[in-house]
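Below you'll find the structure, written out as structure tokens, and then a few comments.
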There are 2 protein chains.
Amino acid sequence: MAEIAATLSIGQVAERTGLSVHALRFYEHEGLFVNPVRRGPGGRRFYSEDDVDWLTVCVILRASGLPLPALRRYTELVREGAGNEAERLALLREHRVHVTTQLDRLARCLDLITFKIGVYEDLLDRPPAERAGGSPGQPVVGDQGAG
Amino acid sequence: MAEIAATLSIGQVAERTGLSVHALRFYEHEGLFVNPVRRGPGGRRFYSEDDVDWLTVCVILRASGLPLPALRRYTELVREGAGNEAERLALLREHRVHVTTQLDRLARCLDLITFKIGVYEDLLDRPPAERAGGSPGQPVVGDQGAG
DNA sequence: CTAGGATCTAGAGTCGGCTCTAGGTCAACC
DNA sequence: GGTTGACCTAGAGCCGACTCTAGATCCTAG
């Protein structure tokens, strides 16, 4: 547990989290940090490894569609400290429902896409002669003749 | 195959597809219809069941994240008719990659969320006395003490 | 005949989440 | 001492995909 790199510049944090330096300043402005970002000489921001860990969680929550206001709320709860775990849990559970719903919907979309891909693959596998003979007038798939 | 409801009003189509009437006009403007939308007396739009079928596909493709320009391109290919199936297939395959990537990412996000939910559930199941005694100073989970 | 509701057009506005600009400071190197 | 290059602030701009507005038209019912 050596004291390595307790202070990271905004550029370094951007590189590690995948967020842009603009986004980091924006997140700070939006109250998405648990602890106030410290400043070095000249007013430059310095971050800790804890900040990076927190941002990593934020990135994942954002990637799963948690809107900024909800993320801000969650941050506030964490900032307030122990005692509000039930509310944090509720927020996470609500979000999990969202994510699973999204996953289900996407999976159903994937089914359709895969089905249509299959239809086109079959169509392109068949030689043209065979195609001309096959059940004329019958659309291969719904979309007005084989969309 | 009786000739029922060959003509639907924009309101009816909105209801069936889940798109708003505004969105339907917008889609038309954006070239997302395979066939030109016919007009009744007074310039009112009338749609066929085929239009509804097509829109249903559009809705699914949009829901899975296909951007409008790509959807327009696909529409153009279908409009052009037979002969460009390979290009349609390529477009769909590319999109499928996108969707599966999205699914993977979401699934990984879900893992984290579920993990954090588990942590909070454990925490809230334990009686307060027990909580006070448990490995003091050790964060329960990364986020600065139990995010 | 009139009122209500659905529709029309063209174009402006909204929203979320950044992203970029302008104009400036500061430290380090050549 | 001049030039990078990373950083600063405040605020404007952008993007995608609608959504909404205004003002007009049209059909149907009472």
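Values below: every heavy atom of this structure, side chains too, minus hydrogens, waters and symmetry copies. Note that the structure is a prediction, hence the values are computed from the model and not measured. Naming: A, B, ... by sequence-line order, numbering from 1 per chain.
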A:Asp51 side, atom CG; A:Leu8 side, atom CG - distance, nearest 0.5 Å: 8.5 Å

When you measure from every atom of DNA chain C, which of residues 25-32 of chain A have a heavy atom less than 4.0 Å away? A:Phe26, A:Tyr27

Would you compute the distance between atom CD of B:Gln102 and atom CG of A:Leu103 and round it to the nearest 0.5 angstrom? 9.5 Å

Any side-chain N or O of A:Arg62 under 4.0 Å from OP1/OP2 of C:dG17? yes

On DNA chain C, nearest-nucleotide positions of A:Gly42 versus A:Leu66: which is more 5'? A:Leu66

Please check if the side chain of A:Thr114 supplies one atom and the backbone of A:Asp111 the other of a donor-acceptor pair under 3.5 Å. no

I need the B:His95 NE2 to B:Thr100 OG1 distance, nearest 0.5 Å. 10.0 Å

Span of DNA chain D in contact with chain A (heavy atoms, under 4.0 Å): D:dA6 to D:dT9

Is it the case that the side chain of B:Glu87 and the backbone of B:Asn84 share a donor-acceptor pair, with hydrogens and angles ignored and the cut-off at 3.5 Å? no

Mind calculating the distance between CD1 (A:Ile10) and P (C:dT19) to the nearest angstrom? 13 Å

To the closest 0.5 Å, what do you measure between OG1 (A:Thr7) and CZ (A:Arg45)? 15.5 Å

Is any side-chain N of the basic residue among A:Glu28 and A:Arg25 closer than 4.0 Å to the acidic one's carboxylate O? no

Quick one: OG1 on B:Thr75 to CH2 on B:Trp54, what's the gap to the nearest 0.5 Å? 4.0 Å

If each of B:Arg39 and A:Ser20 is mapped to the nucleotide of DNA chain C with the nearest heavy atom, which maps nearer the 5' terminus, i.e. the 5' end? B:Arg39

Heavy atoms under 4.0 Å, any strand shown: does A:Pro41 hit a base, just sugar-phosphate, or nothing? nothing

Position toward the 5' end of DNA chain D (nearest nucleotide), B:Gly65 or B:His22: B:Gly65

Using whole Å, report how far CG of A:Leu24 lies from C1' of C:dG17. 14 Å

Atom pair CG/CD1 of A:Leu110 and B:Ile60 - distance to nearest 0.5 Å: 12.0 Å

Would you mind telling me which residue lines up with the more 5' stretch of DNA chain D, A:Ser9 or B:Arg44, judged by nearest nucleotide? A:Ser9

